Trainee: 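Once you've had a glance at the structure underneath, I'll fire off some questions.
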Amino acid sequence: MALKVITDRCTGCGRCITVCPFDAVYLENDVAVITPGCRVCRLCIKECPEDALYLEESSQPEADMADHSGVLVVAEAVESKLHPVTLELMGKGRELADELQQKLYVVVIGHGLKSAAEELLQYGADEVWLYEDASLKHFRIEPHTNAAAHAVSGLTPNIVLIGATPVGRSLAPRLAVRLRTGLTADCTTLKVKENGDLVQIRPAFGGDVMAQIVTPQHRPQMATVRHKVMDPAQRFRREGAVLRQQELTDSALASRIRVHSVHRRREKPSISDAEIVVAVGRGVKEQKDLKLADDLARLLGGQVGVTRPLVEMGWGDHTQQIGLSGRSIRPKLLIALGISGAVQFTAGASGAECVVAINSDPDAPVFSSAHYGLVGDLYEIVPKVIAGLERGESIHAVL
Amino acid sequence: MNIVVCVKQVPESRDVEMDPETGNLKREGAAAVMNPFDLFALEAGLQLKERYGGTVTAITMGPPQAEEVIREAYMMGADDGMILCDREFAGADTLATSFTLAQGIRHLQAVDLIICGLQTTDGDTAQVGPGIAEFLDIPHETSIQKIHGMDEDGLRVEKDMGHVVMDLSLQLPTLISVAKGVNQPRLLSFRRKLQTRDWPARYLERSDLDDHKEAFFGLDGSPTQVEAMFPPQPHTASERWQGSSQELADRLVQLLVEEKFVQSGVDE
């Protein structure tokens, strides 16, 4: 399939160049030329007044789609501990599997994970495959890819879900290439069509546009999902849920990587896990004014997050950055101070249950995603909120 | 040490807006720059070359305009540049891009180390590096935050795993993708600009690439398809409060208390 230009029809009006989001069209001798940057989004076809652009369909062989059934979740374990994204993938995986009336499989790869694997049977899995070996203790790409690929060939799933974590983002693309199939990164919405096609929606262009992506002719269909995007699986044991231990050959366990040590980063509580987040954007005029957010967060027992521009100015570090290029958060309460609400930010904050926004610009986009929008000057309002909360504290202290 | 650094030309601005009525994308300025993450990859390659000798080759896939990023790589200190440029490469997803770049790297031969930026700012997938490594059947590791250098087990690096850091060595040949902050990229040198003005960039078409039993080029070689693009959905209906700052503050405090966001303070 490729985008083609009917050169006789093209008048060189250049409208295709204007609408192309990928800069993939230019004019040569007053005729449009499509460059290798074309992603076949088809916008130019719609735009062309002369119908000079069309999509040349290619005849690809249909994959053996009917042979593939079920949803496989690759559990994530770092140093013999399951990552919570696993339960979130299982929650979504169970939902997709139910819709297709298929099974939910989970593959657990590591060392010392038997009881964790058994525990996953309590969360809606039909079958858990466990690859347990001392040489799998640390994440090393070759044996871990071999184990995941072994599970895929044994279970022939229709869909494979992997966490978009530092481990998953290394494993998933390697596995996808091994399987010669498609992979969509950082999906925020996943649903299935009746024919089993997985509809994958993810932010594109830094989140200003959502792209809906399908993998129509290849199985399994693979997607990664970030931590705290999907709702975790409910505790519920399926009838007949079973754990199967699997073995890999020595050559499949071999690696050209040697792990010297794994050490914990000096721990700062992660903003991704905070229940209450006070986030600050460009509406704050000086770095010292971040104290307003610090005070408010302290009173609420929450943490302070920042938008990307503040990190770029050096007012916050990237572990505090909320957004597409930062962390996704899922707090019960998010208070956004002086944040305009660029999708770059809201894409990382869409998991917040309740959003309060304070912004002096009544037209700020943040208000469209806020449950409570306060139009006003944060320098006026926040100190009064802090005072109000402190008053409340002192009343309680007296009681 | 023969090093290949993968680079990509990306739109400078990420501010793309979509007209909700027409579905057309509105773009501010079409300036293109080198993917910012790739500057760290180039710097890492140049530092290793300075320590261990060898060459740094910048490779990219893209339209002829992409030669600009090769020239930029020259200005930083790269020795050689290659552009994989062919209409048949158009519409490549990450699988086809990985395959095409891997084919280009095969063409170079005797490569010890491939370095990629963690991800691009336009695609944000971070998938191409690991994909190249799989096609070349070499080990890889992503999110490298520190490069120690060579030891008896290979290239010693630190991988950022979120809460933990993994200290590991990779046997050569290998591929790493480096995180922001792994180094401080050097500035483009004006002197190098003058020196390299006449340096060619090698253009490779599909027919130049080595025969291979498989072919994943361009759209035909891409399993994923963009089915639709649309503006992001705003959240559910929202309440708008107006009034004096004192009124707004009082209402907010009341809300925080009612919704149990404020602990009683008694238990603490």
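What you are looking at is a predicted structure, and each value in this text was computed from that prediction instead of being measured. Numbered from 1 within each chain, the chains take letters A, B, ... in sequence-line order.
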Trainee: Kindly give the heavy-atom pair with the smallest separation between A:Gly182 and B:Pro223, and that separation in Å.
Mentor: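 In this case the closest contact between A:Gly182 and B:Pro223 is N-CB, 3.4 Å.
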Trainee: Out of curiosity, B:Thr142 OG1 to A:Arg174 CZ, how far, rounded to the nearest 0.5 Å?
Mentor: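 One finds 11.0 Å between OG1 of B:Thr142 and CZ of A:Arg174.
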Trainee: Do you know which of B:Gly91, B:Ala126, B:Gly181 has the most heavy-atom pairs under 4.5 Å to chain A?
Mentor: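 Of the candidates given, the most pairs with chain A belong to B:Gly91.
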Trainee: Check whether B:Leu118 gets within reach of chain A through its side chain, its backbone, both or neither, counting any heavy atom under 4.5 Å.
Mentor: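 Looking at B:Leu118, nothing touches chain A.
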Trainee: If you tally heavy-atom pairs under 4.5 Å against chain B, which of A:Val259, A:Val356, A:Thr35, A:Leu374 wins?
Mentor: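 Winner by heavy-atom pair count: A:Leu374.
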Trainee: Which heavy atom in A:Glu380 sits nearest to a heavy atom in B:Ser245, and how many Å separate them?
Mentor: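 Of all heavy-atom pairs spanning A:Glu380 and B:Ser245, the closest is OE1-OG, 3.4 Å.
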Trainee: To the nearest 0.5 Å, tell me how far B:Arg156 CZ sits from A:His260 NE2.
Mentor: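 Answer for the CZ-NE2 pair, B:Arg156 versus A:His260, is 4.0 Å.
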Trainee: Highest number of heavy-atom pairs under 4.5 Å with chain A: which of B:Glu88, B:Gln246, B:Gln242?
Mentor: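 It is B:Gln246.
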Trainee: Looking at B:Ser169, B:Pro63, B:Ser244, which makes the most heavy-atom pairs under 4.5 Å with chain A?
Mentor: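 Among the listed options, the one with the most contacts to chain A is B:Ser169.
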Trainee: At a heavy-atom separation under 4.5 Å, does A:Val78 approach chain B through its side chain, its backbone, both, or neither?
Mentor: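 Contact with chain B: side chain only.
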Trainee: Is there side-chain contact between A:Asp186 and B:Thr125, with heavy atoms separated by less than 4.5 Å?
Mentor: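 Heavy-atom side-chain distance check fails, nothing below 4.5 Å.
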Trainee: Under the criterion side chain to side chain contact (heavy atoms under 4.5 Å, CB included), I'd like the reasoning laid out for B:Gln127 against A:Leu183: C-alpha separation, chi angles, the key distance, then a yes or no.
Mentor: CA-CA 9 Å; B:Gln127 286 172 186; A:Leu183 169 66; 3.3 Å; yes
Trainee: For A:Lys384, does the NZ atom have more than 12 heavy-atom neighbours from other residues, nucleotides or ligands under 6.0 Å away?
Mentor: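 Yes, because the 6.0 Å sphere around NZ of A:Lys384 holds more than 12 heavy atoms from other groups.
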Trainee: With a 4.5 angstrom heavy-atom cut-off, could you sort out which part of B:Leu255 is near chain A: side chain, backbone, both or neither?
Mentor: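 Answer is side chain: those atoms of B:Leu255 sit under 4.5 Å from chain A.
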Trainee: Could you tell me whether B:Asp137 and A:Arg256 make a salt bridge, using a distance below 4.0 angstrom between a side-chain N and a carboxylate O?
Mentor: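 Counted as a salt bridge, because a side-chain N and a carboxylate O are separated by less than 4.0 Å.
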Trainee: Need one label for B:Ala92: side chain, backbone, both or neither, based on atoms under 4.5 Å from any heavy atom in chain A.
Mentor: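 Interface part for B:Ala92: backbone (N, CA, C, O).
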Trainee: Which region of A:Ile358, side chain (C-beta onward) or backbone (N, CA, C, O), has a non-hydrogen atom less than 4.5 Å from a non-hydrogen atom of chain B, or is it both or neither?
Mentor: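 For A:Ile358, the contact with chain B is made by the side chain alone.
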Trainee: Give the intermediate values and the outcome of side chain to side chain contact (heavy atoms under 4.5 Å, CB included) for residues B:Leu256 and A:Leu333.
Mentor: CA-CA 9 Å; B:Leu256 295 174; A:Leu333 171 69; 3.6 Å; yes
Trainee: Which distance, rounded to the nearest 0.5 Å, do you find between the CD1 of A:Ile257 and the OG1 of B:Thr174?
Mentor: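 The OG1 atom of B:Thr174 is 6.5 Å from CD1 of A:Ile257, to the nearest 0.5 Å.
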Trainee: For the backbone of B:Val226 and the side chain of A:Arg42, can you confirm whether one donor and one acceptor N or O come within less than 3.5 Å of each other?
Mentor: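 Looks like yes, one N/O pair under 3.5 Å.
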Trainee: Any side-chain donor-acceptor pair under 3.5 Å between A:Ser170 and B:Glu141?
Mentor: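 B:Glu141 and A:Ser170 do have a side-chain donor-acceptor pair below 3.5 Å.
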Trainee: What's the shortest heavy-atom distance between A:His263 and B:Asp167, and which atoms?
Mentor: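 Looking at all heavy atoms of both residues, the shortest contact is CE1-CB, 4.5 Å.
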Trainee: Specify which of B:Leu170, B:Val165, B:Leu95, B:Val128 makes the most heavy-atom pairs with chain A at under 4.5 Å.
Mentor: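 Result: the option with the highest number of such pairs is B:Val165.
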Trainee: At their closest point, which heavy atom of A:Ile141 faces which heavy atom of B:His140, and how far apart are they?
Mentor: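 Between these two residues, the closest heavy atoms are CG1-CE1, 3.2 Å.
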Trainee: Within this structure, what is the CD-CD distance for the pair B:Glu227 and A:Gln200, rounded to the nearest 0.5 Å?
Mentor: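 The CD atom of A:Gln200 is 10.0 Å from CD of B:Glu227, to the nearest 0.5 Å.
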Trainee: For A:Glu142, which atoms come within 4.5 Å of any heavy atom of chain B: side chain, backbone, both, or neither?
Mentor: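 A:Glu142 touches chain B through side-chain heavy atoms alone.
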Trainee: Cut-off 3.5 Å, side chains only: do A:Arg169 and B:Gln119 have a donor facing an acceptor?
Mentor: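 Yes, because at least one side-chain N or O of A:Arg169 sits under 3.5 Å from a partner of the opposite role on B:Gln119.
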Trainee: Counting heavy-atom pairs under 4.5 Å to chain B, which of A:Gly341, A:Pro362, A:Gly302, A:Ser261 comes out on top?
Mentor: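 Counting heavy-atom pairs under 4.5 Å, the top option is A:Ser261.
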Trainee: Should B:Leu168 and A:Arg258 count as side-chain neighbours, where that means a heavy-atom distance under 4.5 Å?
Mentor: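 Contact flag for B:Leu168/A:Arg258 side chains = no.
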Trainee: Against chain A, work out which of B:Ala133, B:Gly218, B:Ser98, B:Ser143 has the most heavy-atom pairs shorter than 4.5 Å and name it.
Mentor: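 Looking at each of B:Ala133, B:Gly218, B:Ser98, B:Ser143 in turn, B:Ala133 comes out on top.
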Trainee: Please flag which part of A:Tyr26 lies under 4.5 Å from any non-hydrogen atom of chain B: side chain, backbone, both or neither.
Mentor: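 Nothing of A:Tyr26, per the 4.5 Å heavy-atom cut-off to chain B.
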Trainee: Nearest 0.5 Å please: distance from the CG atom of B:Leu252 over to the CD1 atom of A:Ile381.
Mentor: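 Interatomic distance, B:Leu252 CG to A:Ile381 CD1, rounded to 0.5 Å: 8.5 Å.
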Trainee: Using the rule given for side chain to side chain contact (heavy atoms under 4.5 Å, CB included), can you reason through A:Val214 versus B:Thr224, listing the C-alpha separation, both sets of side-chain angles and the distance that settles it, and then say yes or no?
Mentor: CA-CA 6 Å; A:Val214 289; B:Thr224 63; over 6 Å; no
Trainee: Report the distance from atom CE of B:Met161 to atom CZ of A:Arg264, rounding to the nearest 0.5 Å.
Mentor: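 So the CE of B:Met161 and the CZ of A:Arg264 are separated by 11.0 Å.
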Trainee: Decide, yes or no, whether a salt bridge links B:Glu214 with A:Arg180 under the criterion of side-chain N to carboxylate O below 4.0 Å.
Mentor: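 Salt bridge flag = yes for A:Arg180 with B:Glu214.
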Trainee: Examine whether an atom of B:Phe216 lies under 4.5 Å from a heavy atom of chain A, and if so say whether it belongs to the side chain, the backbone or both; otherwise answer neither.
Mentor: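 The side chain, not the backbone.
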Trainee: Is there a donor-acceptor contact under 3.5 Å from the side chain of B:Arg240 to the main chain of A:Val375?
Mentor: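 No, because the side chain of B:Arg240 does not come within donor-acceptor range (under 3.5 Å) of the backbone of A:Val375.
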Trainee: With side chains defined as the heavy atoms from C-beta onward, is the minimum distance between B:Met166 and A:His138 less than 4.5 Å?
Mentor: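 Answer yes - side chains close enough.
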Trainee: Please state whether the side chain, the backbone, both or neither of A:Leu171 comes within less than 4.5 Å of a heavy atom of chain B.
Mentor: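 Interface part for A:Leu171: neither.
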Trainee: So do the side chains of A:Val177 and B:Phe135 get within less than 4.5 Å of each other, counting heavy atoms only?
Mentor: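 A side-chain contact under 4.5 Å exists here.
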Trainee: With a 4.5 angstrom heavy-atom cut-off, is it the side chain or the backbone of B:Gln145 that approaches chain A, or both, or neither?
Mentor: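 For B:Gln145, side-chain heavy atoms alone lie under 4.5 Å from chain A.
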Trainee: Using heavy-atom distances under 4.5 Å, tell me whether B:Leu248 contacts chain A through its side chain, its backbone, both, or neither.
Mentor: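 Both parts, heavy atoms under 4.5 Å.
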Trainee: Where the side chain of B:Lys159 meets the backbone of A:Val167, is there a donor-acceptor pair that is under 3.5 Å apart?
Mentor: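 Side chain of B:Lys159 to backbone of A:Val167, a donor-acceptor pair under 3.5 Å: no, none is there.
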